[in-house]
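Counting convention: from 1, in listed order, for ligands and their atoms alike. Keep in mind that the numbers below use all heavy atoms, side chains included, and drop hydrogens, waters and symmetry copies. Everything numeric here is computed off the predicted structure, so don't read it as measured data.
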Amino acid sequence: MADASLPDLLRFYRDLGFTELRAPRIFAATQAAAASKPRPAANLRPAPLSPAAPAMRHEPASVWNYQPSKDIIQAGTGDGERVPEQILLKIQQDMGECTRCVLHQGRTKIVFGNGNPSAKLVFVGEGPGSDEDAQGLPFVGRAGQLLTQMINNTATGEGISIQRDDVYICNVVKCRPPGNRAPEPEEMKTCGQFLDRQLDAIRPRAICVLGGTAAKYLLDTSVGITKLRGEWQDWHGIPVMPTFHPSFLLRAYNKEGKRQTWEDLKKVLHYVYD
Ligand code: SF4
């Protein structure tokens with residue numbers, strides 16, 4: 001957004017999925033004037049858009065305990081060939097009406113995940129909210145709608161012919177934490193076995209992890225999302241791009257976070273689909 005003109009700024013917000021731009025009444029005049037000024041170049045980092053394996057900033061995640069079981073491999077064709085859709089179904093069957101952690105107590109529906117079982121790109125959030133809990137589908141509330149618009153609009157803007165249905169979307173925990181609190185580490189560890197199996201079934205070209213809580217689990221790190229975002233990480237050989245959770249972007253006065261997420265999304269889309 002350095003030297004951004006008003007049309008550039010409008011495209012930025014359109015790609016992020018914002019269809020309406022409103023300023024609080026008392027600040028409207030000030031913000032309109034500010035919007036027409038060029039943005040400072042500080043903090044901008046050019047994205048290395050290379051189809052080659054991206055450079056990792058941190059060491060790969062620690063030891064991965066999950067090993068695909070014979071059952072899961074045989075859920076494919078029976079001869080060891082891996083068929084992601086069938087493996088995902090087997091994982092869902094194994095999960096059943098799960099009561100492995102306390103989160104089952106407050107849930108309406110388990111939110112397993114949805115999208116293309118053979119997706120080249122998987123988005124991982126932390127857990128379902130109230131809309132997701134009611135519908136049994138991930139990212140269908142306000143934050144989910146923003147994520148959908150971000151994927152669709154950024155892909156279209158970058159000339160990449162994918163939409164939300166082409167990717168796979170899931171969370172670390174599959175049941176809604178009470179009061180929308182963050183899932184506890186123990187809950188993520190318990191439920192994370194299913195996420196590990198989902199990712200191993202799909203084996204996407206890249207993973208985009210949304211928000212600090214999911215990044216902590218997936219990357220086994222205590223580094224915060226502000227430091228992690230925008231730099232390639234690794235999950236068992238699969239490049240991972242951490243970025244902000246869309247619910248964070250819905251907060252007011254968060255322009256820098258929105259710009260950074262837009263840059264991260266462009267980076268991951270070009271890596272996967274170029
Ligand atoms: S959050 Fe996961 S482990 Fe816990 S009850 Fe739900 S499905 Fe089971």
Side-chain angles (χ1 to χ4, degrees), residues 61-73 75 82-117 119 122-144 147 167-204 207-222 225 235-236 238 240 242 244-248:
S62 63
V63 180
W64 185 32
N65 294 319
Y66 166 67
Q67 296 291 335
S69 72
K70 211 170 143 204
D71 280 356
I72 291 166
I73 292 169
R82 296 163 57 83
V83 179
E85 190 171 7
Q86 291 181 36
I87 301 172
L88 289 173
L89 274 174
K90 176 73 170 74
I91 298 166
Q92 208 164 1
Q93 282 168 9
D94 289 348
M95 180 182 282
E97 286 303 310
C98 183
T99 56
R100 290 170 178 84
C101 83
V102 295
L103 294 183
H104 80 276
Q105 292 170 357
R107 77 163 178 246
T108 307
K109 288 184 178 170
I110 290 179
V111 182
F112 182 73
N114 82 339
N116 179 355
V122 174
F123 288 83
V124 178
E126 70 179 53
S130 60
D131 293 310
E132 291 77 14
D133 177 63
Q135 295 184 43
L137 293 168
F139 283 92
V140 289
R142 272 185 78 216
L147 178 65
V167 306
Y168 191 86
I169 302 181
C170 57
N171 288 299
V172 179
V173 297
K174 315 300 188 197
C175 302
R176 181 193 181 196
N180 289 338
R181 67 162 169 78
E184 298 290 344
E186 201 53 37
E187 293 158 355
M188 290 199 284
K189 195 173 157 198
T190 305
C191 201
Q193 62 176 299
F194 297 114
L195 173 67
D196 293 347
R197 291 172 63 185
Q198 284 172 298
L199 294 175
D200 189 54
I202 299 168
R203 296 298 297 178
I207 298 165
C208 185
V209 63
L210 302 166
T213 306
K216 270 185 186 131
Y217 171 77
L218 202 65
L219 302 171
D220 191 21
T221 180
S222 57
I225 191 66
W235 184 88
H236 310 293
I238 300 175
V240 177
F244 293 118
H245 194 282
S247 61
F248 175 69

**Request:** Sort and list the pairs that fulfil salt bridge (Lys or Arg N to Asp or Glu O under 4.0 Å) and have at least one residue in residues 98-113, not counting sequence neighbours.
**Result:**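 Every salt bridge (Lys or Arg N to Asp or Glu O under 4.0 Å) pair that includes a residue of residues 98-113, provided the two are not neighbours, is Glu97-Arg107.
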
Are side-chain heavy atoms of [X] and [Y] found at a separation under 4.5 Å?
| X | Y | answer |
| --- | --- | --- |
| Asp94 | Arg197 | yes |
| Leu219 | Pro242 | yes |
| Val173 | Met188 | yes |

**Request:** Take atom 6 (Fe) of ligand 1 and tell me which protein N, O or S atoms are nearer than 2.8 Å.
**Result:**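 The answer is Cys175 SG.
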
**Set of residues satisfying side-chain hydrogen bond (donor to acceptor under 3.5 Å, both in side chains) with respect to Thr108, sequence neighbours excluded** =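 By the side-chain hydrogen bond (donor to acceptor under 3.5 Å, both in side chains) rule, Thr108 matches Asp133.
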
**Request:** State which residues pass side-chain hydrogen bond (donor to acceptor under 3.5 Å, both in side chains) with Asn180; sequence neighbours excluded, sorted by chain then number.
**Result:**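 Testing Asn180 for side-chain hydrogen bond (donor to acceptor under 3.5 Å, both in side chains), a comparison that skips the adjacent residues, returns Arg176.
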
